[in-house]
Visitor: 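I'd like to ask you about the structure that follows.
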Amino acid sequence: MKKFLTTIALTAALAAPAFAEKTEIPPAQYIVEMWNMDPEDRKRRMVFSDELLEVEAGDLILFAATDRGHNVEFVYGPKGAKLPKRSKIGADVEVTLTEPGVYVYVCTPHATMGMIGVVVVGDVSEAEVKAAMDAKVRGQSKKKLKELLSEVQ
């Protein structure tokens with residue numbers, strides 16, 4: 001009986017690492033649509049469906065060109081982070097941000113109209129949020145950036 005229990009314990013110990021690998025949680029996936037008009041609030045024009053997104057490092061974000069004429073350009077990110085390239089107009093693009101921090105993105109043709117968004121990756125400090133206020137944005141995006149960053153917890 002003792003030999004049988006030892007065999008079971010040894011088998012369980014050897015199987016534990018394999019089981020742990022199988023239960024690893026995959027990165028989350030998010031979809032941000034690019035709209036000419038918010039389908040639920042017709043007053044909101046030239047907007048991203050999610051203007052403030054909080055994710056973990058390595059999560060996948062799909063920017064979907066739901067309406068024609070839009071793209072995604074990251075104009076600010078944490079120091080040392082490599083920002084994704086500007087997408088083509090009317091093209092979907094997948095982005096994976098691996099460095100924690102605050103990222104600011106715009107639709108290049110509609111940035112002055114306030115088509116802007118913020119992605120917060122991981123936990124960020126108040127200083128990082130404040131530094132993101134220096135993102136180079138123009139027009140209505142300046143005011144909207146302040147509003148979005150004021151919502152970051």
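Below, each value reflects all heavy atoms present in this structure, side chains not excepted, and no hydrogens, waters or symmetry copies.
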Visitor: Quick check: closest heavy atoms across Pro109 and Asn71, and the distance to 0.1 Å?
Guide: CD-OD1, 3.4 Å
Visitor: Given side chains that start at C-beta, do those of Thr66 and Met34 come closer than 4.5 Å, heavy atoms only?
Guide: no
Visitor: Would you say that Val119 contacts Val55 through its side chain, given a criterion of any heavy-atom pair below 4.5 Å between the two side chains?
Guide: yes
Visitor: Quick one: does Asp59's side chain have a donor or acceptor within less than 3.5 Å of a partner on Glu56's backbone?
Guide: yes
Visitor: Which heavy atom of Leu145 sits nearest to which heavy atom of Ala132, and what is that distance?
Guide: CD2-O, 3.7 Å
Visitor: Just how far is it from atom CE of Met37 to atom CZ of Arg42, taken to the nearest 0.5 Å?
Guide: 4.0 Å
Visitor: Are the side chains of Glu99 and Val121 in touch, meaning some heavy atoms are under 4.5 Å apart?
Guide: no
Visitor: Under the criterion side-chain contact (heavy atoms from CB on, under 4.5 Å), I'd like the reasoning laid out for His70 against Ile89: C-alpha separation, chi angles, the key distance, then a yes or no.
Guide: CA-CA 5 Å; His70 302 291; Ile89 301 287; over 6 Å; no
Visitor: Closer than 3.5 angstrom, by distance alone: can the side chain of Asn36 be matched with the main-chain N or O of Asp67 as a donor-acceptor pair?
Guide: no
Visitor: Does any part of the side chain of Pro84, heavy atoms only, come nearer than 4.5 Å to the side chain of Val93, both counted from C-beta?
Guide: no
Visitor: Determine whether Met133 and Leu149 make a side-chain contact, defined as any pair of heavy atoms from C-beta on separated by less than 4.5 Å.
Guide: yes
Visitor: Mind checking the OG1-CG spacing from Thr96 to Leu60? Nearest 0.5 Å is all I need.
Guide: 4.5 Å
Visitor: Test Met115 against Val106 for side-chain contact (heavy atoms from CB on, under 4.5 Å), laying out the working first.
Guide: CA-CA 6 Å; Met115 193 165 180; Val106 298; over 6 Å; no
Visitor: For Ser125, is there any backbone N or O sitting under 3.5 Å from a side-chain donor or acceptor partner on Glu128?
Guide: yes
Visitor: Indicate, with yes or no, if the rings of Tyr76 and Tyr105 have centres closer together than 6.0 Å.
Guide: no
Visitor: Inspect the surroundings of CZ in Arg45 and state if more than 12 heavy atoms from other residues, nucleotides or ligands are less than 6.0 Å away.
Guide: no
Visitor: What I'd like to find out is whether the side chain of Val118 reaches to under 4.5 Å of the side chain of Leu53, using heavy atoms alone.
Guide: no
Visitor: Strictly below 4.0 Å, N to O, side chains only: are Glu147 and Lys142 in salt-bridge contact?
Guide: no
Visitor: Keeping Ser87 on the side-chain end and Val72 on the backbone end, is there a donor-acceptor pair under 3.5 Å?
Guide: yes
Visitor: Let me confirm one number: the CZ-CG distance from Phe74 to Leu97, rounded to the nearest 0.5 Å.
Guide: 5.0 Å
Visitor: Does the side chain of Val47 come within less than 4.5 Å of Lys144's, by heavy atoms?
Guide: yes
Visitor: Determine the minimum heavy-atom distance between Ser141 and Gly114, stating which atoms define it.
Guide: OG-CA, 3.4 Å
Visitor: Is there a side-chain contact between Val95 and Phe63 (heavy atoms, below 4.5 Å)?
Guide: yes
Visitor: Can you check whether Val32's main-chain N or O pairs, donor with acceptor, with Asp50's side chain at less than 3.5 Å?
Guide: no
Visitor: Could you check whether atom CD1 of Ile31 has more than 12 heavy atoms from other residues, nucleotides or ligands sitting under 6.0 Å from it?
Guide: no
Visitor: Between Tyr103 and Leu83, is a side-chain contact (heavy atoms from CB on, under 4.5 Å) present by the stated rule, with each step listed?
Guide: CA-CA 9 Å; Tyr103 295 79; Leu83 297 179; 3.8 Å; yes
Visitor: Indicate whether any N or O donor in one side chain lies under 3.5 Å from an N or O acceptor in the other, for Ser49 and Glu33.
Guide: no
Visitor: So, taking the atom named CD in Glu151 and the one named CD in Glu54, what distance separates them when rounded to the nearest 0.5 Å?
Guide: 9.5 Å
Visitor: Within this structure, what is the NZ-CG distance for the pair Lys136 and Asp134, rounded to the nearest 0.5 Å?
Guide: 9.5 Å
Visitor: If two hydrophobic side chains count as joined below 4.5 Å and joins carry through other members, does Val124 share a cluster with Val75?
Guide: yes
Visitor: First locate atom CD of Glu51, then atom CG of Leu148, and finally report the distance between them rounded to the nearest 0.5 Å.
Guide: 5.5 Å
Visitor: What pair of heavy atoms forms the shortest contact from Pro78 to Gly101, and how long is it?
Guide: CG-CA, 3.9 Å
Visitor: Do you know the tightest heavy-atom contact between Cys107 and Gly69?
Guide: SG-O, 4.3 Å
